[in-house]
Amino acid sequence: MNARRARTTIVLAGFALVAGACGGSQPTSNPPSPQPVASSPSPVPSPSPVPSPSAEVVADPAPVVEGQPYRPDLPPPEDFVAVIANPYMPFMPGARTVFEGVSDGERERNVVSVTDRTKVILGVTTTVVHDQVFSANGDLAEDTFDWYAQDRFGNVWYFGEDTAEYANGEVSSTKGSWEAGVGGAQPGVVMLAQPTVGESYHQEFLKGEAEDVGTVVALDESVTVPYGSLDQILVTEDTTPLEPQILEHKFYAPGIGVVMERVLRGGQEVSRLVSYTPPS
């Protein structure tokens, strides 16, 4: 399991902040280099529950069923909305989050920017999120474009990623890239509309390549990161049958998204939120 790649990281604003739709489909330039971290956090929006737009809500559209092949209950394209506004994983164009941490003993910085770009996959218009990892000396170590979309029930779906690892300024690997509908890959869910403790769901699926699974383990935890002290934290346990020795916890704050990731077994990796810039 590539713990960093599973970051679906991680950005801003809950339902109370939704005021506009995603931008057009034309590419924009890469986001600016990381800026200095603010010394104190901005006020965190008050949490708001995920509304249930319809009684037809599927509690878990990407279930993990023991002994059964994965068959996501993917809604038709017309059942997806323009704005990703799930309070535990809001992806609003213009939002930017910065994380710092350690991976395999090396310090790194992770910058996640929600672009105004879109990509149509399986008929669904997805939001393009740009995820970059920089080494301690500032060199680009990994450059990824992730594709997400939210259905009208509030579930946030993951449709794939275009990722590249760098060494000495050159692309060294694109392993881990996948796109739903290509080569047997299927979309997964990275945040449920109505998370319940004990619920497990496929986050992505490409046999032998991308098989991450999330399980909700807590809904009301507290956590302190460089950005600030936060409450009402949702915690997930992330695993993959491809690397069963690895166990990771992710911490989601309402109105922000992911605020911390920590590998508890099978590696030494931790990443904490240090700053965020709200959508412009």
Side-chain angles (χ1 to χ4, degrees), residues 1-9 50 52-81 84 86 88-89 119-124 126 146-163 175-219 234-252 258 261 263-267:
M1 176 182 180
N2 188 319
R4 193 221 58 78
R5 237 179 248 127
R7 291 173 188 150
T8 41
T9 56
V50 181
S52 299
S54 167
E56 305 168 16
V57 170
V58 177
D60 186 348
V64 177
V65 182
E66 191 69 30
Q68 298 294 321
Y70 173 48
R71 294 189 178 91
D73 190 0
L74 181 69
E78 59 269 23
D79 274 357
F80 282 82
V81 297
I84 300 175
N86 183 306
Y88 285 109
M89 186 167 282
K119 179 178 175 68
V120 177
I121 302 175
L122 297 178
V124 177
T126 68
D146 296 296
W147 308 309
Y148 300 95
Q150 180 178 304
D151 64 33
R152 66 187 178 93
F153 309 116
N155 302 296
V156 180
W157 291 80
Y158 186 33
F159 283 82
E161 62 178 294
D162 180 9
T163 186
K175 182 177 175 59
S177 298
W178 65 280
E179 181 177 333
V182 177
Q186 300 184 76
V189 168
V190 289
M191 182 54 64
L192 296 166
Q194 298 176 336
T196 302
V197 171
E199 201 162 23
S200 296
Y201 48 94
H202 287 274
Q203 297 177 329
E204 57 182 5
F205 190 82
L206 176 57
K207 185 68 175 178
E209 185 69 28
E211 299 185 35
D212 289 4
V213 170
T215 301
V216 180
V217 296
L219 295 173
L234 182 153
V235 184
T236 65
E237 179 179 279
D238 290 8
T239 59
T240 174
L242 303 180
E243 297 177 287
Q245 75 279 10
I246 294 180
L247 173 65
E248 180 184 24
H249 275 186
K250 289 196 180 109
F251 300 77
Y252 299 81
V258 175
E261 300 178 4
V263 174
L264 302 180
R265 187 184 70 218

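With sequence neighbours left out, the side chain to side chain donor-acceptor pair (under 3.5 Å) criterion links Trp157 to Asp151. Residues satisfying the side chain to side chain contact (heavy atoms under 4.5 Å, CB included) criterion with Val197, sequence neighbours excluded, are Val216, Leu219. Shown here are the salt bridge (Lys or Arg N to Asp or Glu O under 4.0 Å) partners of Glu209, two or more places apart in sequence or in another chain: Lys175. Contacts of Pro241 classified as side chain to side chain contact (heavy atoms under 4.5 Å, CB included), with partners at least two apart in sequence or in another chain: Glu211. Looking at residues two or more places apart in sequence or on another chain, you find a ring pair (Phe, Tyr, Trp, His ring centres under 6.0 Å) between Phe205 and Tyr70. Remark: Val64 pairs with Ser200, His202, Val213 by the side chain to side chain contact (heavy atoms under 4.5 Å, CB included) rule, at least two apart or across chains. The side chain to side chain donor-acceptor pair (under 3.5 Å) search around Thr236 returns Asp238, not counting sequence neighbours. Partners of Glu199 under the side chain to side chain contact (heavy atoms under 4.5 Å, CB included) rule, at least two apart in sequence or in another chain, are Ala59, Asp60, Leu192, Thr196.
Between the OG1 atom in Thr240 and the CD atom in Glu248 there is a gap of 11.5 Å [rounded to 0.5 Å]. To the nearest 0.5 Å, atoms OH (Tyr252) and CG (Asn86) are separated by 10.0 Å.
A donor-acceptor distance shorter than 3.5 angstrom exists from the side chain of Asn155 to the backbone of Ala193, with no hydrogens or angles considered. In terms of modelled atom types and a separation under 3.5 Å, the side chain of Asp212 and the main chain of Glu204 share no donor-acceptor contact. Proximity of a side-chain donor or acceptor of Arg265 to a complementary backbone N or O of Gln245 within less than 3.5 Å is detected.
Aromatic ring orientation, Phe80 versus Phe159: perpendicular (interplanar angle above 60°, classes split at 30° and 60°).
Of all heavy-atom pairs between Val190 and Gln203, the closest is CG1-O, 4.1 Å.
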